[in-house]
Student: 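I'd like to ask you about the structure that follows.
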Amino acid sequence: MTPQIEISNVDKHYGAFHALKDIDLTIPKGSFVALVGPSGCGKSTLLRSIAGLESISSGDLRIAGERMNDMPPRKRDVAMVFQSYALYPHMNVLGNLTYSLRFKGVARADAREKANQVASTIGLEKLLDRYPRELSGGQRQRVAMGRAIIREPKAFLFDEPLSNLDAALRVHMRMEVRALHDRLGATSVYVTHDQIEAMTMADHVVVMREGRIEQQGSPLDLYDRPANRFVAGFIGSPAMNFVDGTGGEDGSSVRLDALPGAPVLRLDRRIEPGRPVTAGLRPEHLFSGGETQITVPIRVVESTGSVAYYTTDTDPELMLVEQGRGKLRPGDAAPLSIAPGDIHLFDPKTGLAL
Amino acid sequence: MRRILSSLTDGKGFDLLLVGITLIFLILLAGLPLVYNVLLSFQEVDMFNLAAFSRPWAGLDNYREIVSQPEFGLVMRNTGIFVFGSIAGQFAFGFALAIFFMAKFPFASTIRGLFLVSWVMPGLVVGAIWGWILAGDFGVLNAVLQGLGIIDETMFWKSDPALSIWAVTMANIWLGLAFNMMLLSVGLAAIPRDLYEAAELDGANGFQRFTTITVPMMRSTIGAVLALGLIYTLQQFDLFPAITEGGPANSSNVAQYWAWQWSFRIFDFAKGATVSVMMLAFVLIASAVYVWSTRAEVRG
């Protein structure tokens, strides 16, 4: 696949603050890439650097093969959907949609025609005469998308576009944004702090922390094979449990020293005996069926009807997830069964996966 | 009785009390004098009935006499030059400075704050300083203009009838500059940054962003600044006695100074009131513009 956006060795400094550290990222044409990470990780800075709203200190940025480092935003031919939507409050929906066409010398009638097409794609036909202040949050969001779509840009940039919507609408718009991306055959870069959005929408997820790319790959790849403890804890909900332990004497098991009774779990790979490790156990992998390996006391039960969440009375606390209503009550001993392949091991010092 | 008392402390009564105090204050100190002034302009007033309330009714005689004064046309023309020249100058330079100070550079807000000096200074002091700057034989302005080669001979700003009204206008532009800049800065700062970013990505260059985002988003601020500018310019009095005293030969006389001359130089209070009532009509137009421009606040 031809790369649409190529970022190589990009660094960004704000005075003494190193905001982006040696970023390398290739975004193929037609793909949907999510940049995800906690606040302050540099994901928005990276997106704004692609747009040209921030300049990069060193490295190369290419869009459709053309070097863009010093190109002003208006010549980059990328469209951005802002978190605040940034709709022009003094223009109605039609004015907002056709704003960019004014500067391309598109005739009024043609612009109107095109706006009608875009409006019908995203369900805004009846709202063309309204002003942004007369629209609901979801409608504003659609106008912001429409304003990007009408330009047929080289890439769509999304800066947390769904975070101002209520939960139900957010889930719905997630699907709609992705469907729109597929229909337009667009190239999209999507910034979010919500790993579920990243996992469900993107073909390629980039996890960032403190200005660095921690890991990138397909969503399930990150889930199954996190490169380090940070990615393991960030991807997946509820978050992975981490328990300190030691490599077993037989070289193919791990002893969880931090849990009562220091239970031993079998592994499907070799490990140096006596080596200190941090074991990562996903909450949803602790009732895999098969023989019981550990029992832990339950302290808190939260049930949603379809899924039950248990918090254990141990130090560190474990979070367990059971499908269905859940039969355990506070004070019960939960029988855990863990498949050897589901155990992640990390170096306690470097945090890297073993 | 208890209910009235408790509404005073907790309910609508308290709101009415606050509004009432303000209303009484306004009626006593602004409303009644205004009405009295209008009344005065329709009466015959002389030194003997000055203290009386009921005086002979003059109808529109005062107005007819004012309009038929030989200097009436000149004073109106001067007032027009002074008002529109001042507003145009204050607004254009004020807007330019406001935009300039939106740029981030070291000490930007400190330097902007220093501009307030012109606003804080009493008009008489400003008038005296500009009187020196504009002086024909030793003034700084002439020295600078001659040094730059813009003019060859000395310009007598204050005593040349063709220049005197412009001399006062220049001083007034300087005086109102900071006020305009501050109000416009506030308006500029209220425009969200991301609108400019969105417009920039949508392909608008700097000038297009100014005309399609800045100006329409500033509409209510601009209306307010221009209306207040008109009101303040019509109120500007101090500069005239300090710089030209309306002269030479009324060539820099304006309505507000003329009204004062009628009342307190000639002691014809009815004519002074008449001129000020005529000015009131202009201020009412300005107020209407102000109310109209702030009627629909455009905010996302």
Side-chain angles (χ1 to χ4, degrees), chain A residues 44 47-48 50-54 63 71-92 95-106 111 131-135 137 140 143-144 146-161 164, chain B residues 91 95 98-99 102-110 183-227 289-300:
Chain A
S44 283
L47 190 79
R48 292 169 60 84
I50 297 172
L53 298 172
E54 305 279 350
I63 298 176
M71 199 70 92
R74 64 193 173 89
K75 294 193 177 156
R76 294 194 184 194
D77 195 17
V78 295
M80 187 153 160
V81 178
F82 291 79
Q83 181 176 5
S84 61
Y85 314 139
L87 300 181
Y88 309 122
H90 54 292
M91 300 177 199
N92 60 16
N96 269 280
L97 290 178
T98 55
Y99 182 75
S100 61
L101 303 180
R102 289 196 212 176
F103 310 115
K104 287 183 175 168
V106 178
Y131 282 85
R133 62 177 176 275
E134 300 164 338
L135 300 176
R140 289 179 197 191
V143 177
R147 199 169 63 178
I149 293 167
I150 202 165
R151 292 178 42 196
E152 299 168 4
K154 294 206 182 87
F156 289 95
L157 309 178
F158 296 93
D159 190 3
E160 310 213 13
N164 288 345
Chain B
F91 180 76
F95 210 165
I99 289 171
M102 287 307 283
K104 300 233 177 328
F105 57 90
F107 304 110
S109 54
T110 314
L183 282 192
L184 293 167
S185 287
V186 171
L188 280 177
I191 302 175
R193 290 299 90 190
D194 53 9
L195 289 189
Y196 288 108
E197 291 178 344
E200 208 175 348
L201 284 166
D202 272 347
N205 63 28
F207 178 72
Q208 288 161 337
R209 289 198 294 277
F210 179 76
T211 54
T212 59
I213 306 288
T214 309
V215 171
M217 290 293 289
M218 295 273 287
R219 204 186 62 178
S220 63
T221 311
I222 291 172
V225 166
L226 292 181
V289 170
Y290 178 76
V291 171
W292 175 81
S293 68
T294 51
R295 137 204 68 125
E297 290 279 80
V298 182
R299 288 286 175 264

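Here the structure is a predicted model, which is why all the values come from computation and not from measurement. Naming convention: chains lettered A, B, ... in sequence-line order (proteins, then strands); numbering from 1 in each chain.
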Student: Tell me whether the count of non-hydrogen atoms from other residues, nucleotides or ligands lying under 6.0 Å of CZ in B:Phe207 goes above 12.
Tutor: no
Student: State, yes or no, whether a side-chain contact exists between A:Pro89 and B:Leu195 at a heavy-atom distance under 4.5 Å.
Tutor: yes
Student: Can you say whether A:Phe82 sits under 4.5 Å from chain B via the side chain, the backbone, both, or neither, judging by heavy atoms?
Tutor: side chain
Student: Backbone N or O of A:Pro132 within a donor-acceptor pair of the A:Arg140 side chain at under 3.5 Å?
Tutor: yes
Student: So which residues of residues 147-159 of chain A are in contact with chain B at a heavy-atom cut-off of under 4.5 Å?
Tutor: A:Arg147, A:Arg151
Student: Less than 4.5 Å to any heavy atom of chain B: does that hold for the side chain of A:Ala51, its backbone, both, or neither?
Tutor: both
Student: Within the 4.5 Å heavy-atom criterion, are B:Thr221 and B:Val186 side-chain neighbours or not?
Tutor: no
Student: Decide yes or no for B:Thr212 and A:Tyr88: does some side-chain heavy atom of the first lie under 4.5 Å from some side-chain heavy atom of the second?
Tutor: no
Student: Does a sphere of radius 6.0 Å around NZ in A:Lys104 hold more than 12 heavy atoms from other residues, nucleotides or ligands, not counting ones at 6.0 Å or beyond?
Tutor: yes
Student: Looking at A:Gln83, A:Arg102, A:Arg48, which one has more heavy-atom pairs under 4.5 Å with chain B than the rest?
Tutor: A:Arg48
Student: What's the spacing between A:Leu87 CG and A:Tyr99 OH if we round to 0.5 Å?
Tutor: 13.0 Å
